[in-house]
Structure formats: C-alpha cells, structure tokens
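Working notes, structure below.
Computed from a prediction, not measured in an experiment: that's the story for all the values here. Every chain is numbered from 1 and lettered A, B, ... according to where its sequence line falls, protein lines coming before strand lines.
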There are 2 protein chains.
Amino acid sequence: MTKHKDNKTEEQILEAAQKIFQAKGMDGARMQEIADKASINKAMLHYYYRSKQLLFEAVFKKAFALLAPQLNAILNDDSSLEDKIKNFTHNYISFIIKHPYLPNFIIQELNRNPKFIEKIKNNVAFPSIDKFKLQVQKEVKNGTIVSISAEQLFINILALNIFPFVASPLIKAFANVDDRTYKTLLEARKKEVSDFIINAIKK
Amino acid sequence: MTKHKDNKTEEQILEAAQKIFQAKGMDGARMQEIADKASINKAMLHYYYRSKQLLFEAVFKKAFALLAPQLNAILNDDSSLEDKIKNFTHNYISFIIKHPYLPNFIIQELNRNPKFIEKIKNNVAFPSIDKFKLQVQKEVKNGTIVSISAEQLFINILALNIFPFVASPLIKAFANVDDRTYKTLLEARKKEVSDFIINAIKK
DNA sequence: ACATTTGTTAACCAAACGGTTAAACTAAAT
DNA sequence: ATTTAGTTTAACCGTTTGGTTAACAAATGT
C-alpha cells in the first residue's frame with residue numbers, strides 16, 4: 001500500500017491502535033499509549049501513518065470492512081426472508097461475541113462525526129437496501145408477512161441484534177444480571193431473536 | 001445543594017456543560033468551550049464544580065435522572081403488559097425525539113467507564129426488574145404470551161426503542177434515507193414498535 | 001461605616017499532548 | 001568498501017489542556 005517494504009511494524013501499530021481506539025475512542029486514545037502497546041517508538045506511528053487522524057481512519061476502515069459484509073448477508077442474500085433472519089441473527093451474534101467492541105466503536109465514532117460515513121462509502125464495499133426492499137414488499141403483497149416497510153424491519157433486525165452489545169452496561173444494571181449471566185443471555189439470543197422477529201412479522 | 005447562594009451562574013454552567021458533554025463526550029469536551037458557551041470565565045467552572053470530572057458527573061447524573069423514570073414506566077407500572085408496551089414505546093420515543101442526544105450520551109459514557117454505574121446507583125432512583133419479571137412469568141404461565149424470559153423481553157423492548165436513536169448515522173447510511181425521511185420513520189415507530197412487539201409475543 | 005464573605009476576572013502554570021528533527025542503525029545495491 | 005534507501009531512536013518543540021492564583025468587585029452582615 002505504501003513505500004514501506006517491511007510491514008511487520010506497520011501491522012503491530014495497527015493492531016495496537018485498534019485495541020486502544022476501540023477501548024477509548026478517538027478523543028480518549030493517546031499516541032504514546034498506542035506506541036507502548038505496540039512496543040515501538042512513538043515517532044514510528046507518524047512515520048507509518050503520518051497523523052493520529054490517519055491512523056484512526058485506518059483502524060476505522062478496517063473495522064467497518066469487517067462489519068459491512070455481515071450486514072450484506074441480510075440485504076443481498078438470495079435465501080428466503082425467514083431463512084435470512086434465522087441465519088443472520090445466529091451468525092451476527094456469534095460474530096459480535098468474538099468482536100464485542102466493534103459495533104460500539106463504529107456507532108460511537110459515527111456519532112462523533114457523521115460526515116465520516118461519506119469518506120467510508122468511497123473506500124469500503126457498501127451494501128444497498130434495494131434488493132431487501134423488493135423482497136419485503138413482495139412478501140407483504142403475497143400476504144406471507146404482516147404489512148411492514150423494509151426500512152422498519154431492517155431497523156428492527158439491527159436493533160435486536162446489535163443493541164445488547166452496545167448498551168450492555170445499561171442493561172446489566174437495569175436487568176440486574178452479572179457478567180456471566182449476561183453472556184448466557186447473549187448466547188440464547190442467537191435463537192431467541194430470530195424467533196421473536198419471525199413471530200412478529202408472521203401472519 | 002452547595003454553599004452558593006446565587007445559583008444563576010451554576011445553572012448556566014450546567015446547561016452549557018450538558019450541551020458540550022452530550023455532543024462531544026467527556027474526552028472530547030473542553031473546559032474553555034463550556035465556559036464560552038456559558039458566557040462566563042473558565043475559572044468559574046472550577047469555582048462551582050471543582051474539576052472537569054465532577055462537572056461531568058453532575059451532567060451525567062442529571063441526564064440519567066431524566067432517563068431512569070422513563071424506564072420505570074415499563075418495569076413498575078401497574079397496567080397490563082400490552083398497555084404497558086403500547087404506552088411505553090409511544091411515550092419513550094416521543095421523549096427521546098425531544099432529547100435525541102440523551103441515550104447515546106449515557107450509553108457512550110457507561111461503556112467508557114462501566115464502574116460508573118455503581119456511583120449512579122447510590123444517587124439516582126434506580127428501577128428494579130423484579131415486578132416486571134413476575135408479570136411476564138404470570139402471562140407466560142397463563143398462556144397469553146409465548147414463552148419468553150422477562151430479561152429477553154426487556155432487552156428487546158429497549159433495543160427496538162433506543163437503538164434507532166443511538167445508531168442513526170449507521171442506519172441512515174445503510175437504509176439510504178435522508179434526515180427528513182428518517183424523522184418520519186422515527187415518528188412512525190411510536191406505533192410500529194409496539195405492534196411489532198405485541199405481535200411477537202402474542203400466541 | 002466598615003468588615004467579612006461570596007462571586008468574578010485576567011493572568012499564569014505545569015503537565016500532557018501530537019508532532020518533528022536529526023542523528024544513528026540496518027541491509028541490500030553498486 | 002561505499003553509497004543508498006528505509007527504519008528506528010531519543011530528544012526536542014509549540015500548543016493545548018485542566019487547573020490555580022491573586023487581585024478585585026459585589027453583596028451581606030454587623
């Protein structure tokens with residue numbers, strides 16, 4: 001990607017930056033802390049990524065490129081709506097359990113700078129809702145599901161899948177569950193959520 | 001609350017701090033910026049609130065105290081489950097449309113410092129899930145709703161109501177809707193969400 | 001009227017910050 | 001062996017940051 005021949009250090013930096021940025025956000029992260037975590041001199045961060053902003057953007061793009069294809073599964077897959085919902089919720093929740101910081105990081109930083117999404121659109125494969133829309137409209141017309149707009153259904157699917165990871169401290173406090181119990185709850189959601197959605201839209 | 005007699009300045013500071021903290025978070029906010037927005041000298045911030053941390057905590061507690069009673073409506077109200085869900089989604093979405101920064105701010109900062117919730121529990125009236133749990137269990141036993149745990153239902157209700165406000169930049173991008181259309185979608189959710197939930201749990 | 005407390009200001013401070021520099025090191029190319 | 005280009009380091013720099021200070025103004029109490 002750049003003029004550099006040996007990208008070992010470059011990758012070390014990106015990995016460390018990922019951890020720090022995802023834990024503390026752009027504003028809370030410190031270049032020195034990233035350098036420490038990568039076990040290299042702070043000047044190297046600037047040597048490879050020029051500025052904090054550019055390093056951050058590299059991390060963000062990588063994270064987004066990991067998340068976007070997941071959403072593509074619900075928007076552009078060829079299977080039936082019911083199968084889609086089942087597969088998506090199961091796969092997505094499994095995926096996020098492995099990357100629990102990801103959705104919160106992306107949502108947080110997009111809220112901090114909403115214009116940032118434009119920059120991403122040009123760099124990362126960006127799914128469109130069009131195909132999903134046709135599918136939902138068809139099923140509504142056929143009478144196999146209740147009347148609902150594709151956008152609302154899409155929001156509901158995302159909400160039920162993502163929110164428990166984004167708001168975990170809040171939910172833990174209100175639902176009065178400890179970390180271990182919460183993990184069990186999340187595991188159960190792989191099935192619970194698809195049942196819930198399918199029940200909600202089935203006639 | 002404190003030794004200060006004239007609380008006009010104190011309130012001006014809190015209002016300004018609220019706006020800045022909710023827009024930029026603890027790490028992104030600058031004391032000088034808060035002072036500017038409050039049209040007062042920066043030293044006054046420290047005179048009234050001693051430190052950035054304490055000013056932030058005052059803002060956070062105030063925000064949390066605004067949100068908590070809303071959740072209390074679903075956890076401790078006496079009405080039937082169906083009425084509760086209808087009323088809550090309608091009232092909650094109306095409430096958040098007026099305070100769109102609130103849920104994101106609270107979720108954000110709780111993720112930044114999860115231990116913070118303990119401090120809050122001692123200061124703000126904190127609803128418990130117990131009553132709601134009994135109600136759900138009873139309705140499951142009676143066969144009026146499908147088998148679902150109170151915790152999962154609670155998470156689902158929160159997710160469907162709150163997520164669209166927290167993740168709006170992400171949803172707008174993927175669902176390909178502009179700001180005005182999104183507002184319309186949110187308005188429609190006052191009814192859409194309760195229909196969706198009730199459909200999902202009805203037998 | 002005067003003294004004391006409370007409120008406000010501009011100037012200041014040390015620490016932390018992102019970023020730069022210049023010199024040293026490494027290793028392949030000539 | 002010497003040049004050359006890429007890599008790494010410690011020391012440094014200007015700015016910004018949260019926070020302090022000391023002098024001053026406005027109330028308040030006696």
Does the side chain of A:Gln12 come within less than 4.5 Å of A:Met44's, by heavy atoms? no

Measuring only between side-chain heavy atoms, which start at C-beta, is B:Glu109 closer than 4.5 Å to B:Phe56? yes

Please work out which residues in residues 51-61 of chain B have a non-hydrogen atom less than 4.0 Å from an atom of DNA chain C and list them by number. none

B:Arg189 charged N/C atom sitting above B:Tyr182 aromatic ring, 6.0 Å / 45°: no

For DNA chain D, which residues in residues 21-43 of chain A have a heavy atom at a distance below 4.0 Å? A:Asn41, A:Ala43

For the side chain of [X] and the backbone of [Y], is there at least one donor-acceptor N/O pair under 3.5 Å apart?
X	Y	result
B:Arg30	B:Asp27	yes
B:Glu57	B:Phe116	no
B:Tyr92	B:Ala73	no
B:Ser194	B:Thr89	no

Checking C:dT8, C:dT20, D:dG6 against the side chain of B:Thr9 (C-beta onward), the nearest is C:dT8

Distances for protein N or O near nucleotides 22-29 of chain C N or O, under 3.5 Å:
none

Return no unless some side-chain N or O of B:Tyr47 is found under 4.0 Å from OP1 or OP2 of D:dG19. no

Check the phosphate of D:dG6 against A:Tyr48, side-chain N and O only, distance under 4.0 Å to OP1 or OP2. Yes or no? no

Other residues, nucleotides, ligands: >12 heavy atoms within 6.0 Å of B:Lys138 NZ: no

Between [X] and [Y], is there a side-chain N and carboxylate O pair less than 4.0 Å apart?
X	Y	result
A:Asp178	A:Lys172	no
B:Lys8	B:Glu11	no
B:Asp195	B:Lys191	yes

Specify the separation, in whole Å, of atom NE2 of A:His46 and atom C1' of D:dT8. 15 Å

Figure out the NZ/C1' separation between B:Lys8 and D:dA27, and round it to whole Å. 13 Å

